[in-house]
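Worksheet for the structure shown next.
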Amino acid sequence: MQFPSLDKDQRRILQALRRLGSLSRSALAIELEMSATALTRLSRDLLSLGLIEEVPDNGAQGRGRPAVPLRLAAGGGYALGATAHRGMLDVALVDFTGTTIAAHHEATDPLDPQAFARRVRQLTHMLVDRHGLLGRRMLGIGIAVPGPSLSAAGDRWSVVDVLPGWRDAPLRDIFSTEMGWPLWIENDANAAAIAEFYLGGLIRDFSTLVVLLLGFGIGAGVITDGRLVRGQYGVAGEIGCLFPGHLPRPSPLDLLATLRADGCDLTSLADIDFADPAQTPTILRWLDRAAHQLETVCNTAFAWLDPGAIMLAGTLPPVILRGLADRLHSADLVTTVFQRRPPVRVSALRGSPITLGAALLPIHALSVDP
């Protein structure tokens with residue numbers, strides 16, 4: 001089934017239902033400042049496309065015909081997200097509501113783009129077959145890459161060196177040729193921002209947020225008015241340039257290097273353990289320094305964008321992310337009207353926000369104007 005072609009008002013309906021849950025037609029018309037007649041016509045089209053559905057009658061009794069709420073249809077389409085790290089490949093399959101149907105995580109040798117695309121195609125077919133989705137609408141595949149775009153078109157990326165053959169390669173052509181589905185490629189921090197916006201529940205309360213992703217390095221994803229901010233050249237949020245790699249920086253790899261320099265024999269980020277007495281003193285010192293570095297990031301993001309939330313997310317253990325947040329809450333951060341301070345939070349998502357956000361890219365594309 002083809003990727004649906006929707007007009008602006010149809011997209012507004014989908015986004016409202018994604019934000020508010022089930023609503024009656026009359027309530028939806030009021031929410032969108034739309035006439036009841038127009039709402040009925042548009043919702044009829046979305047029902048026929050299978051993107052929304054009527055909430056089943058719960059048996060309530062009363063006079064007259066009760067209003068039948070509308071909601072997103074889980075079976076309206078499916079999307080897959082994938083991302084590659086050093087020695088690791090992650091995929092996630094989600095339905096149209098954003099609910100995860102399946103996730104797959106495997107260790108691999110470093111993959112070049114062609115080998116990555118082949119393996120993602122194999123996994124996609126496997127998951128679609130396993131979950132009985134053959135013949136159903138595949139909305140597309142989202143790929144998250146660790147590095148900034150080299151062009152506004154997003155066809156070439158400055159991917160980190162540990163992924164062989166990715167930097168400046170024609171990734172869109174390579175992936176499209178191998179996979180054959182609609183394709184979205186996005187920076188990993190932007191993908192994480194999409195995941196936090198939709199799956200973290202922020203869409204219900206905020207239109208603007210900043211996600212600080214402590215992943216391979218450090219980056220930021222920014223959403224304003226429900227849209228990703230990419231900037232003139234596609235590199236908005238590349239805050240890693242504020243912390244040159246040859247100097248101490250608030251990144252997971254920097255913490256790993258600091259622990260190794262202090263004599264801790266660690267091979268990967270997975271070995272970081274706050275409960276290990278040999279690591280605890282080093283981690284505490286690193287937290288103090290990293291939080292101080294992040295103060296400037298939080299202050300400037302707050303002053304420029306007025307976000308409803310500044311989320312800390314990434315590959316660090318949750319206890320370390322909470323340690324950063326606690327220190328930022330205690331720091332002398334800037335304030336604006338009503339003594340508001342940068343609203344720092346820690347991600348509560350289960351699973352990789354990068355991979356989940358990649359899977360949501362085709363769904364997000366159905367919710368915003370092209």
With the 4.5 Å side-chain cut-off for hydrophobic clustering, are [X] and [Y] part of the same group?
{"X": "Leu163", "Y": "Leu150", "answer": "no"}
{"X": "Trp304", "Y": "Leu212", "answer": "yes"}
{"X": "Val319", "Y": "Leu266", "answer": "yes"}
{"X": "Leu134", "Y": "Val91", "answer": "yes"}
{"X": "Leu93", "Y": "Ile354", "answer": "no"}

Backbone N or O of [Y] within a donor-acceptor pair of the [X] side chain at under 3.5 Å?
{"X": "Asn187", "Y": "Gly147", "answer": "yes"}
{"X": "Ser268", "Y": "Ala270", "answer": "yes"}
{"X": "His104", "Y": "Leu123", "answer": "no"}
{"X": "Thr355", "Y": "Gly351", "answer": "no"}
{"X": "Arg11", "Y": "Ala365", "answer": "yes"}
{"X": "Asp205", "Y": "Leu202", "answer": "no"}
{"X": "Arg230", "Y": "Asn190", "answer": "no"}
{"X": "Ser176", "Y": "Asp173", "answer": "no"}
{"X": "Asn299", "Y": "Val334", "answer": "yes"}
{"X": "Arg137", "Y": "Leu49", "answer": "yes"}

Under 4.5 Å between any side-chain heavy atoms of [X] and [Y], yes or no?
{"X": "Thr83", "Y": "His85", "answer": "yes"}
{"X": "Leu80", "Y": "Leu127", "answer": "yes"}
{"X": "Leu255", "Y": "Leu316", "answer": "yes"}
{"X": "Ile239", "Y": "Ile218", "answer": "yes"}
{"X": "Leu46", "Y": "Ile13", "answer": "yes"}
{"X": "Ile223", "Y": "Thr208", "answer": "no"}
{"X": "Tyr78", "Y": "Leu133", "answer": "yes"}
{"X": "Ile143", "Y": "Leu171", "answer": "no"}

Can you tell me how far the [atom1] atom of [X] sits from the [atom2] atom of [Y], to the nearest 0.5 Å?
{"X": "Leu72", "Y": "Thr99", "atom1": "CG", "atom2": "OG1", "result": "10.0 Å"}
{"X": "Thr124", "Y": "Asp129", "atom1": "OG1", "atom2": "CG", "result": "12.5 Å"}
{"X": "Arg322", "Y": "Leu287", "atom1": "CZ", "atom2": "CG", "result": "11.5 Å"}
{"X": "Ser24", "Y": "Ile30", "atom1": "OG", "atom2": "CD1", "result": "7.5 Å"}
{"X": "Ile52", "Y": "Leu70", "atom1": "CD1", "atom2": "CG", "result": "4.5 Å"}
{"X": "Cys264", "Y": "Asp276", "atom1": "SG", "atom2": "CG", "result": "6.5 Å"}

Inset, instruction - Describe, in one word, how the ring planes of Phe175 and Phe116 are oriented to each other, choosing from parallel (under 30°), tilted (30 to 60°) and perpendicular (over 60°). - result: tilted
Legend entry - Aromatic plane relationship, Tyr198 with His364 - under 30° parallel, 30 to 60° tilted, over 60° perpendicular: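 Because their plane-to-plane angle is over 60°, the rings of His364 and Tyr198 count as perpendicular.
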Inset, instruction - Carefully, step by step, assess Arg12 and Glu31 under the rule salt bridge (Lys or Arg N to Asp or Glu O under 4.0 Å). - result: CA-CA 10 Å; Arg12 291 177 64 216; Glu31 172 68 24; over 6 Å; no
Over all atoms of both residues, closest heavy-atom pair of [X] and [Y]:
{"X": "Gly308", "Y": "Pro343", "value": "O-CG, 3.4 Å"}
{"X": "Leu214", "Y": "Pro252", "value": "O-CG, 3.3 Å"}
{"X": "Gly140", "Y": "Trp181", "value": "CA-CB, 4.5 Å"}
{"X": "Ile310", "Y": "Ala301", "value": "CD1-CB, 4.5 Å"}
{"X": "Leu28", "Y": "Ala16", "value": "CD1-CB, 3.9 Å"}
{"X": "His131", "Y": "Ala102", "value": "NE2-CB, 3.4 Å"}

Inset, instruction - Determine, step by step, whether Ile194 and Val211 satisfy the side chain to side chain contact (heavy atoms under 4.5 Å, CB included) criterion, reporting the C-alpha distance in whole Å, the side-chain angles of both residues, the deciding distance to 0.1 Å, and the verdict. - result: CA-CA 9 Å; Ile194 289 291; Val211 172; over 6 Å; no
Inset, instruction - Begin from the C-alpha positions of Arg19 and Gln15 and carry the test side chain to side chain donor-acceptor pair (under 3.5 Å) through to its verdict. - result: CA-CA 6 Å; Arg19 177 168 55 90; Gln15 194 73 330; over 6 Å; no
Inset, instruction - List the steps and the verdict of salt bridge (Lys or Arg N to Asp or Glu O under 4.0 Å) for Arg121 and Glu178. - result: CA-CA 7 Å; Arg121 177 176 57 81; Glu178 183 66 37; 2.6 Å; yes
Inset, instruction - In sequence, state the C-alpha distance, the side-chain angles, and the governing distance for Val145 and Glu186, and then conclude on side chain to side chain contact (heavy atoms under 4.5 Å, CB included). - result: CA-CA 6 Å; Val145 297; Glu186 192 55 80; over 6 Å; no
Please check if atom [atom1] in [X] has more than 12 non-hydrogen atoms from other residues, nucleotides or ligands closer than 6.0 Å.
{"X": "His292", "atom1": "NE2", "result": "no"}
{"X": "Asp265", "atom1": "CG", "result": "no"}
{"X": "Asp109", "atom1": "CG", "result": "no"}
{"X": "Gln122", "atom1": "CD", "result": "yes"}

Inset, instruction - Could you tell me whether Arg18 sits above the aromatic face of Phe197, with NZ or CZ closer than 6.0 angstrom to the six-membered ring centre and within 45 degrees of the axis? - result: no
Legend entry - Passing candidate, side-chain hydrogen bond (donor to acceptor under 3.5 Å, both in side chains) with Trp286, options Asp262, Asp254, Thr258: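 The passing option is Asp254.
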Taking NZ, NE, NH1 and NH2 as the nitrogens, is one of them in [X] or [Y] under 4.0 Å from a carboxylate oxygen of the other?
{"X": "Arg327", "Y": "Glu295", "answer": "no"}
{"X": "Glu54", "Y": "Arg25", "answer": "yes"}
{"X": "Arg285", "Y": "Asp288", "answer": "no"}

Legend entry - CA sep, side-chain torsions, deciding dist, call: Leu6, Leu51, side chain to side chain contact (heavy atoms under 4.5 Å, CB included): CA-CA 11 Å; Leu6 304 178; Leu51 298 177; 4.0 Å; yes
Inset, instruction - Could you please spell out the steps behind the side chain to side chain contact (heavy atoms under 4.5 Å, CB included) verdict for Gln10 and Asp45? - result: CA-CA 9 Å; Gln10 289 171 322; Asp45 293 340; 3.6 Å; yes
